[in-house]
**Q** 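Structure incoming, see below.
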Amino acid sequence: MSAVLLDGKMLAARREEETLQRVNALKARGIEPGLAFILVGEDPASKVYVRSKNKACERCGIRSVTCHLPEDVTQEELERELKKLADDPSVHGMLLQLPIPRHLDEAAALACIPPEKDVDGFHPVNAGNLVNGIPGIRSCTPLGIMDLIALSGVKTEGKHAVVIGRSAIVGKPAALLLLEANCTVTICHSRTVDLAKYTREADILVSAVGKAGLITGDMVKPGAVVIDAGIARVDGKVVGDVDRQSVEPIAGFLSPVPGGCGPMTIAELMVNTLNIAEAKANV
Ligand code: GUN
């Protein structure tokens, strides 16, 4: 038996179609959702990501603006631009593409994005709401991971979920969403001793490291749901953490890279933007 592939491209297209319908309903009420991207410097991967997100906005009928600042922008200039967008009522969501150049203070820059416009769910208020189980804006990749698990049809309640990676963007919020979905959650990271001991116990395995070939078939419980949220480049090709050749015959479900978490992250960004615009329209 070979794992059923969890088709993130197909699911993302479905989410975007639903988003477009809701955007059109909002537009009929005279409100156009708007999303602003702030890109600093010329990092090729960041430019590709922002372009992909812009294209998704086009598909969903969301107005997008990109503020592209030079590599040597000062902290003061960056914060001035962020505050301008924060005060612009036509901008419902804001996203500072990370990483930003090292001379800049990332935390201080992110703090200029008001929590109610923080489509990434990175603001301490939104991160704190997640910890406390208070409704709010959740991070896009973890939302996409949960959507892919739901696509598998496997019920989360009582399952042992193992998350590898403890980043604030993916690992930690994904672990909290799995906890909210009544999983028993283990978080592994770079200092975990005997990683395979934990992964073999996982009914749901989420790997968010960015190390090609990290997860091999002998580390996977037969029938498990394996979500590959890693991204790395090998010989110019985008690959995930999972060694597909050895994992596919063991896992029950597998989200591929590319075509798994990547498109889902972008689709959830569209949904988050629309949710913010709808909430503002209904107050
Ligand atoms: N860089 C890599 N992933 C992301 C993301 O999800 N959001 C932002 N803002 N930057 C990123």
Side-chain angles (χ1 to χ4, degrees), residues 1-15 140-167 169-190 192-234 237-268:
M1 276 279 281
S2 186
V4 173
L5 290 184
L6 298 170
D7 187 346
K9 228 173 136 179
M10 175 279 296
L11 187 57
R14 202 192 291 168
R15 292 284 167 270
C140 303
T141 304
L143 284 173
I145 289 169
M146 296 308 290
D147 219 359
L148 285 167
I149 294 168
L151 180 68
S152 75
V154 170
K155 296 278 167 279
T156 51
E157 179 153 337
K159 297 286 162 45
H160 185 194
V162 174
V163 179
I164 314 173
R166 54 179 159 175
S167 72
I169 297 184
V170 184
K172 275 192 243 178
L176 287 163
L177 287 182
L178 287 158
L179 192 61
E180 212 165 57
N182 295 318
C183 289
T184 300
V185 180
T186 301
I187 304 176
C188 299
H189 46 79
S190 53
T192 296
V193 176
D194 196 358
L195 179 64
K197 180 174 86 177
Y198 299 95
T199 59
R200 278 191 209 111
E201 295 295 318
D203 302 305
I204 298 168
L205 178 60
V206 177
S207 189
V209 176
K211 190 170 169 192
L214 175 70
I215 307 297
T216 47
D218 57 314
M219 297 169 74
V220 174
K221 182 174 176 174
V225 180
V226 179
I227 304 293
D228 191 347
I231 192 153
R233 270 191 176 74
V234 175
K237 265 175 60 182
V238 174
V239 297
D241 292 346
V242 172
D243 172 48
R244 275 184 67 170
Q245 205 184 342
S246 62
V247 170
E248 269 195 64
I250 311 292
F253 300 88
L254 172 64
S255 76
V257 175
C261 289
M264 287 310 298
T265 296
I266 294 182
E268 303 294 352

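All residue numbers refer to positions in the sequence shown, counting from 1.
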**Q** Judged by atom type as modelled, is there a donor-acceptor pair below 3.5 Å linking the side chain of Asp241 to the main-chain atoms of Leu214?
**A** no
**Q** Measure the spacing between CG of Leu254 and CG of Asp228 and express it to the nearest 0.5 Å.
**A** 7.0 Å
**Q** If we check salt bridge (Lys or Arg N to Asp or Glu O under 4.0 Å) with Asp203, which of these qualifies: Lys221, Lys159, Lys155?
**A** Lys221
**Q** What are the two closest heavy atoms between Ala212 and Ala232, and how far apart are they?
**A** N-CB, 4.3 Å
**Q** Would a 4.5 Å heavy-atom cut-off, applied to side chains only, mark Leu6 and Leu11 as touching?
**A** no
**Q** Rounded to the nearest 0.5 Å, what separation is found between the CG atom of Asp147 and the CZ atom of Arg14?
**A** 8.5 Å
**Q** Can you find a pair of side-chain heavy atoms, one from Val257 and one from Val242, that are under 4.5 Å apart?
**A** no
**Q** With side chains defined as the heavy atoms from C-beta onward, is the minimum distance between Glu201 and Thr186 less than 4.5 Å?
**A** no
**Q** Is there a donor-acceptor contact under 3.5 Å from the side chain of Ser255 to the main chain of Ile227?
**A** no
**Q** Return the minimal non-hydrogen interatomic distance between Val162 and Ala202, and the atom names on each side.
**A** CG2-CB, 3.5 Å
**Q** Taking atom CE of Met219 and atom CD1 of Ile250, what is their separation to the nearest 0.5 Å?
**A** 13.0 Å
**Q** Return the CG to NE2 distance between Leu195 and His189, rounded to the nearest 0.5 Å.
**A** 10.5 Å
**Q** Could you walk me through whether Leu178 and Met146 pass side chain to side chain contact (heavy atoms under 4.5 Å, CB included), step by step?
**A** CA-CA 8 Å; Leu178 287 158; Met146 296 308 290; 3.8 Å; yes
**Q** Are any non-hydrogen side-chain atoms of Met264 and Thr141 less than 4.5 angstrom apart?
**A** no
**Q** Quick one: pull up CD1 in Ile164 and OG1 in Thr192 and give me the separation to the nearest 0.5 Å.
**A** 8.5 Å
**Q** Do Met10 and Leu5 have side chains that get closer than 4.5 Å, going by heavy atoms?
**A** no
**Q** Measuring only between side-chain heavy atoms, which start at C-beta, is Ile145 closer than 4.5 Å to Ile149?
**A** yes
**Q** Just by modelled atom types, is the Phe253 backbone N or O under 3.5 Å from a matching donor or acceptor in the Ser152 side chain?
**A** no
**Q** Report yes if the side chains of Cys261 and Leu148 come closer than 4.5 Å at any heavy-atom pair, otherwise no.
**A** yes
**Q** Please confirm whether the backbone N or O of Ile215 pairs with a side-chain atom of Asp243, one donor and one acceptor, at under 3.5 Å?
**A** no
**Q** Looking only at non-hydrogen atoms, find the nearest pair between Ser246 and Gly217 and report the distance.
**A** OG-N, 2.9 Å
**Q** Do you know which two heavy atoms are closest between Gly165 and Ile187, and how far apart they sit?
**A** O-CG2, 3.9 Å
**Q** So, do Pro142 and Glu268 sit near enough that their side-chain heavy atoms are less than 4.5 Å apart?
**A** no
**Q** What distance separates Arg200 CZ from Leu205 CG, expressed to the nearest 0.5 Å?
**A** 12.0 Å
